[in-house]
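Convention: sequence-line order gives letters A, B, ...; per-chain numbering from 1.
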Number of protein chains: 2
Amino acid sequence: MTIEAPSRRRAIEDVASALFRERGYAATSVRDIARALDIQGPSLYAHVTSKEDVLWAIVDRAASAFEEAADRALSAAESVPTDAAGRLAALVRAHVGVIAADPELASVFVHEWRHLSGDRRAAILARREAYELRFRRLVADGMAAGDLTSTDPAIAAAFLLTALNGIAGWYRAGGRLSADRIADLYADLAVRAMTEDHR
Amino acid sequence: MTIEAPSRRRAIEDVASALFRERGYAATSVRDIARALDIQGPSLYAHVTSKEDVLWAIVDRAASAFEEAADRALSAAESVPTDAAGRLAALVRAHVGVIAADPELASVFVHEWRHLSGDRRAAILARREAYELRFRRLVADGMAAGDLTSTDPAIAAAFLLTALNGIAGWYRAGGRLSADRIADLYADLAVRAMTEDHR
DNA sequence: CCTACCGATCGGTAGG
DNA sequence: CCTACCGATCGGTAGG
């Protein structure tokens, strides 16, 4: 079947994600990736054009996953009028869901994008900033509406997003807590950090 | 004067911290470090025994700085009886203070310790876990005393600590917000995340 | 702190 | 997907 070629490419990216997460991009050699696939180093180049291409494919796919999950979460929250705390909880749950669905992919997105060069690096930096802006804007809007506690929106967004991204460093499927449970706990922590229930 | 040698060693570590933070340990060559000091690559070995030794010196010093700051903060909070929220705020401020005092050092501690090998890696991992345990215990004790909102202590500690460590990635002296201001904002976010003021 | 140099490994190409 | 191989660079040593 013709699903062979694309699935092979995907297998390379999966193996590379795991290695990049564990050792970092720079400390992972092309031969390391090949060895994990039981092929010779140069054979990898039948499927990819460069080591950085593999990193790009991973980072680009992860960025899209985060963007699409956030789109879905925020537009779902819009269809039923939701306050800022509810929108924040939805955004947090979406973000945690993407990490839990593929922690290797997410971890490489979070930590290894700096090893991209030129236009790709600039492009992914812009997308990271746009993504963080969603958090910042949600927080700023919620503050303006009186739904969220007044604080510095940029600081709050950085606080929340780095807390969430930390999950990519330790999450493993089949651990003590399910992905849903972790998402709930993180959503509660995030909402509490941004609200005060005086009264 | 005999302060020359130690200060040279420290200059190497400072330059290396900045490069390791910016590019990562594996992507920084010994010659990169030497170039930043305007000497030849092999000349570095008059002052250090290996590249990993430099990483170790940085990581070890950072770990001590975090440990000592936490010791001071928690024992100060003990001398005047303080509730869990107050102790958490003190611990957060101490942690943020260490990062702001030397963000390069802190960033290398947070991100590059994995490149240590053998006993050093094991030792620093144990110290990292002991440090995280302080957060977890503070949270668990505060929950038991009814001062903090009930949640999963391990998750809460991971949430808080990764949020704080994120500062090491972006903080720069002379930025929009002072270190004290950032410490205050983060302490507020952390305490709010762990408390509910119902009533 | 320098020059000269080492073996090992790197990402990647040629040519099947 | 393989073998044979490339130039470049790596961390580090010798010997001043």
Side-chain angles (χ1 to χ4, degrees), chain A residues 1-59 108 112-121, chain B residues 1-59 108 112-121:
Chain A
M1 297 287 135
T2 46
I3 56 162
E4 252 297 299
S7 80
R8 195 62 176 151
R9 168 72 200 217
R10 176 57 183 261
I12 291 170
E13 292 173 21
D14 288 347
V15 155
S17 299
L19 290 170
F20 293 167
R21 183 199 198 196
E22 201 174 294
R23 317 180 186 173
Y25 174 79
T28 302
S29 74
V30 168
R31 284 157 181 84
D32 289 335
I33 299 169
R35 192 179 310 118
L37 293 160
D38 271 309
I39 60 175
Q40 298 299 313
S43 302
L44 216 72
Y45 288 89
H47 302 100
V48 307
T49 61
S50 72
K51 184 188 173 190
E52 191 182 319
D53 260 6
V54 178
L55 176 60
W56 168 250
I58 293 165
V59 168
V108 173
E112 306 299 330
W113 65 271
R114 297 158 206 275
H115 293 104
L116 293 168
S117 57
D119 291 348
R120 287 171 161 182
R121 190 187 156 123
Chain B
M1 298 284 134
T2 47
I3 57 161
E4 252 295 300
S7 80
R8 195 62 176 150
R9 168 72 199 217
R10 176 56 182 260
I12 291 170
E13 291 174 21
D14 288 347
V15 156
S17 298
L19 289 170
F20 293 168
R21 182 200 199 195
E22 200 176 294
R23 317 179 185 174
Y25 173 78
T28 302
S29 73
V30 168
R31 283 157 182 84
D32 289 335
I33 299 169
R35 191 178 312 119
L37 293 160
D38 270 310
I39 60 176
Q40 297 300 312
S43 302
L44 216 71
Y45 288 89
H47 303 101
V48 307
T49 62
S50 73
K51 185 188 172 189
E52 192 183 317
D53 260 5
V54 178
L55 176 60
W56 168 252
I58 293 165
V59 168
V108 173
E112 306 299 329
W113 64 273
R114 297 158 204 276
H115 293 104
L116 292 167
S117 57
D119 291 349
R120 287 172 162 182
R121 190 189 155 123

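- Out of D:dG12, D:dC1, C:dT13, the shortest distance to the side chain of A:Y45 is found at C:dT13.
- The two atoms that bring A:R9 and A:A57 nearest to each other are NH2-CB, 3.3 Å, heavy atoms only.
- Heavy atoms only, all atoms of each residue included: B:V108 and B:S17 are closest at CG2-O, 3.6 Å.
- Atom pair B:L44:CG and D:dG11:C1' shows a separation of 11 Å (rounding to whole Å applied).
- Between B:G41 and B:R31 the shortest heavy-atom distance is CA-CG, 4.1 Å.
- We find that NZ of B:K51 is positioned 12 Å from C1' of D:dT9, with the value rounded to whole Å.
- Atom NE2 in B:H115 sits about 15 Å away from atom P in D:dC10, given to the nearest Å.
- Among all heavy-atom pairs drawn from A:A11 and A:L37, the shortest one is O-CD2, 4.0 Å.
- Heavy-atom distances under 4.0 Å link DNA chain C to no residue of residues 12-19 of chain B.
- B:F20 pairs by the ring-ring contact (aromatic ring centres under 6.0 Å, His included) definition with B:Y25, not counting sequence neighbours.
- In DNA chain C, runs of at least 3 stacked Watson-Crick or G-U pairs (N1-N3 plus N6-O4 or O6-N4, or N1-O2 plus O6-N3, all under 3.5 Å) give these stems: C:1-16 with D:1-16.
- Using a 4.5 Å heavy-atom cutoff, the side chains of A:E112 and A:L55 are in contact.
- B:R114 meets the side-chain hydrogen bond (donor to acceptor under 3.5 Å, both in side chains) test with no other residue; sequence neighbours excluded.
- A:E22 meets the side-chain hydrogen bond (donor to acceptor under 3.5 Å, both in side chains) test with no other residue; sequence neighbours excluded.
- B:S50 pairs by the side-chain hydrogen bond (donor to acceptor under 3.5 Å, both in side chains) definition with nothing, not counting sequence neighbours.
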Short heteroatom pairs, N/O only, protein and nucleotides 2-4 of chain D, under 3.5 Å:
from  : atom 1 : to    : atom 2 : distance (Å)
D:dC2 : OP2    : A:Q40 : N      : 2.8
D:dC2 : OP2    : A:S43 : OG     : 2.3

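- In this structure, the side-chain contact (heavy atoms from CB on, under 4.5 Å) partners of A:D32, at least two apart in sequence or on a different chain, are A:L19, A:R23, A:T28, A:S29, A:R35.
- With sequence neighbours excluded, the residues satisfying side-chain contact (heavy atoms from CB on, under 4.5 Å) with B:A18 are B:E104.
- Near DNA chain D, meaning a heavy atom under 4.0 Å from it, residues 24-33 of chain A has no residue at all.
- For B:S43, the side-chain hydrogen bond (donor to acceptor under 3.5 Å, both in side chains) criterion is met by no residue, not counting sequence neighbours.
- Shown here are the side-chain contact (heavy atoms from CB on, under 4.5 Å) partners of A:V30, two or more places apart in sequence or in another chain: A:L44, A:Y45, A:K51.
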